[in-house]
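Report on the following structure.
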Protein chains: 2
Amino acid sequence: MAILLTQSEENYIKAVYALQQHHQASVGTNELAERMDTKASSVTDMIKRLSEKSLIQYEKYKGCELTEEGIRTALKTIRKHRLWETFLVEKLKFGWDEVHDIAEQLEHIQSVKLTDQLDAFLNYPKFDPHGDPIPDQTGAIVQRDQSFLLNELEIGAEGVVIGVADSSASFLRFLDRYKINIGTCIQIKEIYAFDDSRAIEIHGETVNLSAAATQKITVQKQQ
Amino acid sequence: MAILLTQSEENYIKAVYALQQHHQASVGTNELAERMDTKASSVTDMIKRLSEKSLIQYEKYKGCELTEEGIRTALKTIRKHRLWETFLVEKLKFGWDEVHDIAEQLEHIQSVKLTDQLDAFLNYPKFDPHGDPIPDQTGAIVQRDQSFLLNELEIGAEGVVIGVADSSASFLRFLDRYKINIGTCIQIKEIYAFDDSRAIEIHGETVNLSAAATQKITVQKQQ
DNA sequence: TTTTATTTTTAGACAAGACTAAACAATAAC
DNA sequence: GTTATTGTTTAGTCTTGTCTAAAAATAAAA
């Protein structure tokens, strides 16, 4: 059942999954090479290997996509990654901008029991510190009911931050400076048409966020 | 300062350290091959690599030993291994016979901050679940005052279990069956000369332990 | 001290995963 | 419907870590 994969193979599977989720179509070699920070020729080699293991569906010059088994594999890795990120932030007091690289290593630890015990220890969290959903043992993901980007809210509307669309350290530090976190409550006070920035109230203070910033913050609308 | 090592290199360093600690002399190629479950020729290759990185002192046909830098490296890995074992048993409720293989993977995660935060989270433990000392950030190891093997105690003497000299799953399960754990108090009731077994009192009950078993349990003598 | 046995090292090969350079498809432009 | 351009694959090389088979050095025995 559970085929043993190298770390490199797991990383490729994860990347294919992410790209496939993004644009609902088969994934190209160059695109994947860009994402994996490697060369197209290396990608071709790896795709062939994964195709041998029937985790990927592949036809020459036609791109690739994950098989059912490949998707299950990707979800297992994502589950581990997000559980470890949660552990690092909740228990070890890391900032949410510091955890990605470490989780990238931890996600490759092989032990189903470890993953499940960690899940239990964290009290079966549904979302990680960036607001991304954590697949359960069966690979199921909780789907949130309608969420909005911050720039979709009208003046006066309130939202609770549930995620971010950019996990770069730079952006996460920006959020920290404004004390914006998962669960933070935000109200739109004003929208400036000239640059599409917003005045928002947060923790009682009013601050200005650029259009770029508001496009990267996901909220659950209140009431 | 901190040279990056592959997992394989780290494992070799750890093995050399262990063998060197055991018999205070330079470590032979075959011996190391046995320990690493590989062939002597592979060991020679690796020793050369580690010698290049000046972690190992090596002379052809004369065996090898760790340099100062090599010892520091070994202690870092041992620190991580034992902290993770402690985490798995204390927080994730693993049995002490289940943690070795997982810790063997976790010990290779690269992040000084992770190790130190984990140490803090566990409240700076001095010993792991098998009673082995955990090196601190500087590599210092707490030395226990005189410990004894269980078969060195005379009749009537009491001891508190502080470690085991065999971490095989089989032996650890044996200990679990008798509810023998780190911190368990044991008193010698009788010594049977014919097979060198002992009647011992433990948790109010009296049971018989073979000579082989009593040679593998380390205790701190009481009073 | 010469022979025998053991230990250790070399030489050459292999698989995984990457690379460069060059060839080959597929698509777009004219 | 040829040419450019872009995307993809092949061929050959490299490194890490391993292997086998054979040679060389050391240790033990005669």
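Chain letters run A, B, ... following the sequence lines, proteins first and then strands; every chain starts at 1.
For A/R49 and C/dA16, the shortest distance from a side-chain N or O to OP1 or OP2 is not below 4.0 Å. Taking side-chain N and O atoms only, B/T44 has no distance below 4.0 Å to OP1 or OP2 of C/dT10. For A/T6 and C/dA16, the shortest distance from a side-chain N or O to OP1 or OP2 is not below 4.0 Å. Close to D/dA24, at under 4.0 Å from its OP1 or OP2, lies no side-chain N or O of B/K60. Phosphate proximity of C/dT10 to B/K48: present, with a side-chain N or O under 4.0 Å from OP1 or OP2.
For A/A40, taking side-chain heavy atoms from C-beta onward, the closest of the listed nucleotides D/dT8, C/dG17, D/dT16 is D/dT8. In the set D/dT18, C/dG17, C/dC19, the nucleotide with an atom closest to the side chain of B/D45 is D/dT18.
Seen from the ring of B/F121, A/K93 does not count as a face-on cation partner, given the 6.0 Å and 45° thresholds. Relative to the six-membered ring of B/F171, B/K216 meets both conditions, a distance below 6.0 Å and an angle of at most 45° to the axis.
Aromatic ring centroids of B/H100 and B/H81 lie under 6.0 Å apart.
Checking side-chain atoms of B/R198 against main-chain N and O of B/N208 turns up no donor-acceptor pair under 3.5 Å. Panel note: side chain B/E9, backbone B/T6; a donor-acceptor pair is recorded below 3.5 Å. Between the side chain of A/T67 and the main chain of A/S54, a donor-acceptor pair closer than 3.5 Å is present. In terms of modelled atom types and a separation under 3.5 Å, the side chain of B/K221 and the main chain of B/F148 share no donor-acceptor contact.
Taking the six-membered ring where tryptophan is involved, the planes of B/W84 and A/W84 are perpendicular, since the angle between them exceeds 60° and thus also 30°.
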Please tabulate the protein-to-nucleotide N/O contacts below 3.5 Å involving nucleotides 20-23 of chain D, giving atom names and distances.
residue : atom : partner : partner atom : Å
D/dT20  : OP2  : B/K39   : NZ           : 3.0
D/dT20  : O4   : B/S41   : OG           : 3.0

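A heavy-atom distance below 4.0 Å to DNA chain D is reached by these residues of residues 10-37 of chain B, ordered by number: B/Y12.
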